[in-house]
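Just below is one structure, and these are the notes that go with it.
Count residues from 1 along the sequence. Below, each value reflects all heavy atoms present in this structure, side chains not excepted, and no hydrogens, waters or symmetry copies.
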Amino acid sequence: MDSIQFTEIKKAVNQLLKERYPPPQYKIYGKEIKEGYDAPCFFTEIIDKGSRAQTKNFAQGGFTVKIIYFQQEKNELDQLEKADEIKSLFGLVFCVGQRKLTVGECSHEFIGEYSDILEISIDIDYMENTRRNETKPFMETLGMSMKAGK
């Protein structure tokens with residue numbers, strides 16, 4: 001099984017948002033945009049939680065999806081609706097390519113200088129097969145000779 005790619009995760013997150021909040025009404029930006037964005041919009045970020053070996057053939061990994069929602073006009077009810085809708089979009093299973101990943105904890109908070117910007121966090125942990133496919137053929141025959149010791 002191929003290793004999960006963070007570029008694939010980011011594309012899947014953005015696609016999920018675009019299906020529910022289509023452009024041009026809503027725009028989706030990456031964290032590289034610091035100014036000049038058009039609201040209403042979302043900023044998405046994938047934060048790696050690292051990976052560690054569990055057994056010889058499996059590793060456990062994880063990441064957090066951060067979605068920040070900027071409004072044209074501040075409206076707490078709209079923010080809470082977005083939080084509920086986005087949590088619903090992810091549901092229990094988040095699909096990335098052919099992989100189906102189990103969604104863990106979903107939470108939201110208000111950030112910024114005035115605590116008026118919605119940030120949604122979605123934690124996802126997964127197991128990954130680390131077994132390598134053999135690239136060389138297995139030995140088929142073995143020749144052996146033995147000499148008697150003195």
Side-chain angles (χ1 to χ4, degrees), residues 1-140:
M1 180 175 284
D2 290 332
S3 179
I4 195 159
Q5 303 294 313
F6 286 101
T7 54
E8 290 178 31
I9 296 167
K10 178 83 170 192
K11 288 176 187 174
V13 168
N14 289 350
Q15 185 58 41
L16 201 59
L17 287 173
K18 282 179 187 174
E19 289 171 6
R20 179 66 180 95
Y21 307 104
Q25 184 181 357
Y26 293 91
K27 296 200 176 1
I28 299 172
Y29 297 102
K31 67 182 207 166
E32 67 276 1
I33 302 299
K34 304 290 185 219
E35 56 187 52
Y37 51 87
D38 295 323
C41 64
F42 297 97
F43 280 78
T44 60
E45 181 180 4
I46 311 302
I47 301 168
D48 184 13
K49 294 194 314 188
S51 171
R52 70 176 160 264
Q54 294 294 311
T55 68
K56 178 182 170 186
N57 296 318
F58 288 95
Q60 180 177 2
F63 58 92
T64 300
V65 174
K66 295 269 187 189
I67 300 170
I68 300 172
Y69 174 53
F70 284 92
Q71 302 170 295
Q72 275 183 318
E73 295 180 23
K74 299 300 178 193
N75 179 332
E76 184 182 15
L77 183 59
D78 177 52
Q79 290 174 320
L80 294 173
E81 286 173 352
K82 293 292 186 287
D84 289 340
E85 290 169 356
I86 289 170
K87 289 175 187 179
S88 245
L89 280 177
F90 280 84
L92 298 175
V93 176
F94 174 55
C95 296
V96 177
Q98 300 299 315
R99 303 272 309 256
K100 293 183 179 177
L101 307 175
T102 303
V103 174
E105 182 179 344
C106 292
S107 62
H108 72 272
E109 62 181 316
F110 294 93
I111 61 171
E113 185 177 352
Y114 302 107
S115 297
D116 61 350
I117 300 168
L118 175 66
E119 179 182 70
I120 300 163
S121 299
I122 299 157
D123 290 331
I124 297 175
D125 293 315
Y126 59 89
M127 295 295 285
E128 196 155 54
N129 186 345
T130 58
R131 183 183 316 175
R132 296 182 183 220
N133 293 331
E134 294 296 327
T135 57
K136 297 181 181 177
F138 288 105
M139 177 175 46
E140 293 181 15

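- With contacts defined as side-chain heavy-atom distances shorter than 4.5 Å, the pair V96/Q5 does not qualify.
- The neighbour count for E73 CD, taken as heavy atoms of other residues, nucleotides or ligands under 6.0 Å away, does not exceed 12.
- Between Y69 and F43, the gap from one ring centroid to the other reaches at least 6.0 Å.
- With respect to the salt-bridge test (charged N to carboxylate O, under 4.0 angstrom), the residues E128 and R99 qualify.
- Side chains of T64 and K49: no donor on one and acceptor on the other come within 3.5 Å.
- Counting only heavy atoms from C-beta outward, the side chains of I9 and I4 approach each other to under 4.5 Å.
- Among residues two or more places apart in sequence or in another chain, the salt bridge (Lys or Arg N to Asp or Glu O under 4.0 Å) test is passed with D78 by K82.
- Screening K87, Q79, E119 against H108 for a side-chain hydrogen bond (donor to acceptor under 3.5 Å, both in side chains) leaves a single residue, K87.
- By the side chain to side chain donor-acceptor pair (under 3.5 Å) test, Y21 is found to be paired with E85, residues two or more places apart in sequence or in another chain being considered.
- Ring pair F94/F90 is tilted by interplanar angle, where 30° to 60° counts as tilted.
- For the atom pair T44 OG1 and L16 CG, the distance stands at 11.0 Å (nearest 0.5 Å).
- Under the rule for a side chain to side chain donor-acceptor pair (under 3.5 Å), the partners of S121 that lie at least two apart in sequence or sit in another chain are K66.
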